[in-house]
Structures are given as C-alpha cells and as structure tokens.
Amino acid sequence: MAATLAPADAPPRPPRPFRRPSVLPGFGLSFGYTLACLGLVVLLPLAALVARASGLGLSGIWKVATDPRVASALKLSFGVSLLSALVASVFGFLVAWVLTRYEFPGRKIVDAAVDLPFALPTAVAGIALASLYAPDGLVGAPLDRLGIQVAYTPIGVFVAMTFVGLPFAVRTVQPLIAEIDKEIEEASATLGASRRSTLLKVVLPPLVPAVLTGFALAFARGVGEYGSVIFIAGNLPYVSEIAPLLIVIKLSEFDYGGAAAIATIMLGISFLTLLAINLIQAWSRRRFGYV
C-alpha cells in the first residue's frame with residue numbers, strides 16, 4: 001500500500017492570486033476606477049471630518065463626548081436605532097414572507113407601498129407622522145386617552161426610525177424567500193418534521209445572513225435619519241434630542257469643531273457597531289451557508 005503524505009510533508013499551497021481569473025477584460029482600469037470613486041466619495045470626506053475634529057485633540061473630543069447633552073443625544077440615537085432596527089427586522093421578515101408566499105387581493109399595492117419611505121421626502125414623512133401621532137391626531141388621540149404619548153417623546157423617535165428602516169428589512173430578505181424551493185419544505189414534512197421544526201431548521205437558517213443585512217441597513221438609516229425624526233421628536237434636550245440635530249445646532253452656532261467632534265464620535269460608534277454586525281453576518285454565512 002502506498003504511503004500517504006503526512007500533513008507536514010504535504011506540498012505547500014500556492015499563494016492566493018490577487019486577481020481571480022475572469023472572462024471580462026479591463027480589471028486594472030475597473031479596479032483603479034473603483035478605488036478612485038471610493039476614495040473621493042467616501043474616504044476623503046471622512047478623512048476631512050476626522051482631521052477637523054482632531055484639531056480639538058483627544059482631550060477636546062473626550063470633553064465633547066462626555067458633555068451630558070451630547071451623551072444623552074448619542075444614547076438616544078444609537079439606542080433607539082438598534083431597537084427600531086430589531087423591530088423592523090422582525091416585522092420586515094413577516095411582511096416579506098406574506099408578500100412572497102401568499103396571494104391576496106391588493107398584494108401588488110401592498111408590495112408597492114413598502115417602498116413609500118424610499119420615495120417620500122423625509123420632511124414629508126416627518127410631518128405625516130407628527131400629524132398622525134400628535135395628541136390630537138388620528139392615532140395619537142386614542143393613545144393619549146390611554147396615557148400613552150407618542151409624539152414629542154422618544155417613542156416618536158422610535159416610530160420614525162422604524163418607518164424609514166422597514167423597507168430595508170423587507171427588500172433584503174424578500175428575494176431569498178422567493179428563491180427557497182418549496183420542495184425542501186415538503187421533503188421536511190415527508191420526513192416527519194413539524195411545521196415549527198421545518199421553519200426553524202430548514203427555512204430560517206439560510207435567511208439569517210439576509211436578515212442581518214436588513215438589520216444593519218435599517219440601523220444605519222436610523223442613526224443618520226434627520227428629517228423624519230425632528231418633526232415628531234419634539235427635540236427636547238436630554239429627552240428627545242437626537243445627535244444629528246445637535247450637530248446642526250453646533251453648526252448654527254459656528255462651533256464647527258464641536259460639530260465635527262460629535263460627527264466623528266458617531267462615525268466611530270457606527271463603524272464599531274456595523275463591524276460587529278458584519279462579523280456576526282460572516283459567521284452566519286459560514287454556519288448556515290447561502291440559499
């Protein structure tokens with residue numbers, strides 16, 4: 001019997017090429033164009049922002065970050081964004097499932113309505129939400145009689161962020177639900193699996209990466225949202241004032257260093273949060289694979 005090679009005696013793997021083979025030409029030009037656009041559109045403005053904030057020094061940035069009003073605004077923006085992204089992901093999955101798996105009158109209209117937050121100007125969305133959830137509004141009045149005030153409170157911020165984040169959660173998972181072969185579910189049922197087991201072990205695992213993508217997009221949209229929030233938030237310091245509004249206030253006061261410092265802090269927190277989400281997403285792709 002021929003001796004097998006031990007792992008230590010195995011020939012070394014060739015180094016992974018920088019460019020994978022492709023039938024499409026023009027890699028150098030396309031790659032250079034990609035780097036140029038990324039640098040000019042994304043990296044250069046962010047570098048200018050960090051450079052402007054660095055003029056305050058680390059002690060100055062820390063002083064801005066620990067200011068009670070700034071800390072309260074940052075806590076509200078990121079905390080509510082995470083909560084609204086979570087809610088949007090759950091309900092977005094349900095909406096995507098219904099639109100993909102069921103036929104009912106008006107389904108196309110409902111499907112088109114999901115994209116309304118994309119098309120509406122944020123100011124229009126904010127005014128509509130504020131009118132609807134105000135203490136004398138159509139929805140706000142009954143809630144107010146129950147002792148629940150939505151407009152001009154952090155709950156209003158949550159409503160606005162969920163409104164703008166829901167389409168991301170729906171559209172990222174909807175195509176993957178449509179690609180799932182129903183025969184897989186039928187095979188699972190044939191093997192004796194219950195509906196719950198089929199959902200948890202067959203249907204949901206391949207959709208986890210897409211759900212996490214929708215969560216990350218909804219979170220990012222919520223953190224940076226301004227127009228639809230300020231009309232319903234009330235903008236009360238230490239209560240319902242979001243960080244983007246505080247940046248605008250700093251700019252109106254000609255405190256450009258303070259505005260850049262708040263923006264840099266938001267950039268750092270957003271980067272770390274999205275990095276964590278992407279790491280979880282990468283793990284889920286390795287664990288569950290793709291559809």
Side-chain angles (χ1 to χ4, degrees), residues 67-95 110 112-172 214-253 259 262-263 265-267 269-270 273:
D67 180 77
R69 185 176 180 182
V70 175
S72 176
L74 290 172
K75 181 179 179 181
L76 177 67
S77 291
F78 285 95
V80 176
S81 295
L82 282 173
L83 181 60
S84 65
L86 179 61
V87 173
S89 298
V90 174
F91 286 95
F93 175 81
L94 295 177
V95 171
V110 176
V114 171
D115 294 327
L116 276 179
F118 287 144
L120 280 179
T122 55
V124 174
I127 294 173
L129 291 174
S131 301
L132 186 64
Y133 288 97
D136 57 348
L138 182 63
V139 178
L143 292 177
D144 187 66
R145 288 193 292 268
L146 296 175
I148 302 174
Q149 183 177 352
V150 176
Y152 320 128
T153 66
I155 302 177
V157 178
F158 167 79
V159 170
M161 289 184 177
T162 305
F163 174 81
V164 299
L166 183 64
F168 293 97
V170 175
R171 294 311 185 200
T172 52
F215 175 85
L217 293 175
F219 168 76
R221 176 65 188 272
V223 169
E225 186 60 27
Y226 177 77
S228 62
V229 175
I230 59 172
F231 290 97
I232 193 174
N235 310 320
L236 300 176
Y238 306 101
V239 177
S240 59
E241 186 177 54
I242 58 174
L245 176 62
L246 201 55
I247 294 175
V248 175
I249 293 175
K250 292 287 185 181
L251 291 174
S252 65
E253 297 173 351
I262 298 174
I265 295 168
M266 292 189 67
L267 174 64
I269 299 176
S270 299
T273 306

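Not measured: the values here are computed from a predicted model. All residue numbers refer to positions in the sequence shown, counting from 1.
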Take Phe231 and Ser131 through the side-chain contact (heavy atoms from CB on, under 4.5 Å) test and state the conclusion after the steps.
CA-CA 9 Å; Phe231 290 97; Ser131 301; over 6 Å; no
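- Heavy atoms only, all atoms of each residue included: Leu76 and Glu241 are closest at CD2-O, 3.5 Å.
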Are Thr122 and Val164 close enough, and set up right, to give a side-chain contact (heavy atoms from CB on, under 4.5 Å), and what steps lead you there?
CA-CA 9 Å; Thr122 55; Val164 299; 5.7 Å; no
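- Taking every heavy atom of both residues into account, Pro117 and Ala113 meet most closely at CD-O, 4.0 Å.
- When all heavy atoms of Phe118 and Arg171 are compared, the pair lying nearest together is CE1-CG, 4.4 Å.
- Leu217 meets the side-chain contact (heavy atoms from CB on, under 4.5 Å) test with Phe168, Thr172, Thr213; sequence neighbours excluded.
- Between Leu246 and Ala73 the shortest heavy-atom distance is CD2-CB, 4.1 Å.
- Phe78 CZ to Ile269 CD1: the interatomic distance, rounded to the nearest 0.5 Å, is 4.5 Å.
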How far apart are the C-alpha atoms of Phe91 and Thr162, what are their side-chain angles, what is the distance that settles it, and do they pass the side-chain contact (heavy atoms from CB on, under 4.5 Å) test?
CA-CA 10 Å; Phe91 286 95; Thr162 305; over 6 Å; no
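- When every heavy atom of Ala243 is checked against every heavy atom of Ile262, the shortest pair comes out as O-CG2, 4.4 Å.
- Proximity of a side-chain donor or acceptor of Ser81 to a complementary backbone N or O of Ser77 within less than 3.5 Å is detected.
- The CD atom of Glu225 sits 9.5 Å away from atom CD1 of Ile230, with the distance rounded to the nearest 0.5 Å.
- Atom-to-atom distance recorded for Lys75:NZ and Tyr238:OH is 14.0 Å, nearest 0.5 angstrom.
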When you look at Ile155 and Tyr133, which way does the side-chain contact (heavy atoms from CB on, under 4.5 Å) test go after all the steps?
CA-CA 10 Å; Ile155 302 177; Tyr133 288 97; over 6 Å; no
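- Note that the CD1 atom of Ile242 and the OG atom of Ser72 stand 12.0 Å from one another [nearest 0.5 Å].
- Annotation for Ala134 and Ala151: closest pair CA-CB, 3.8 Å, computed over non-hydrogen atoms.
- Among pairs with a residue in residues 136-158, none fulfils side chain to side chain donor-acceptor pair (under 3.5 Å), at least two apart in sequence or across chains.
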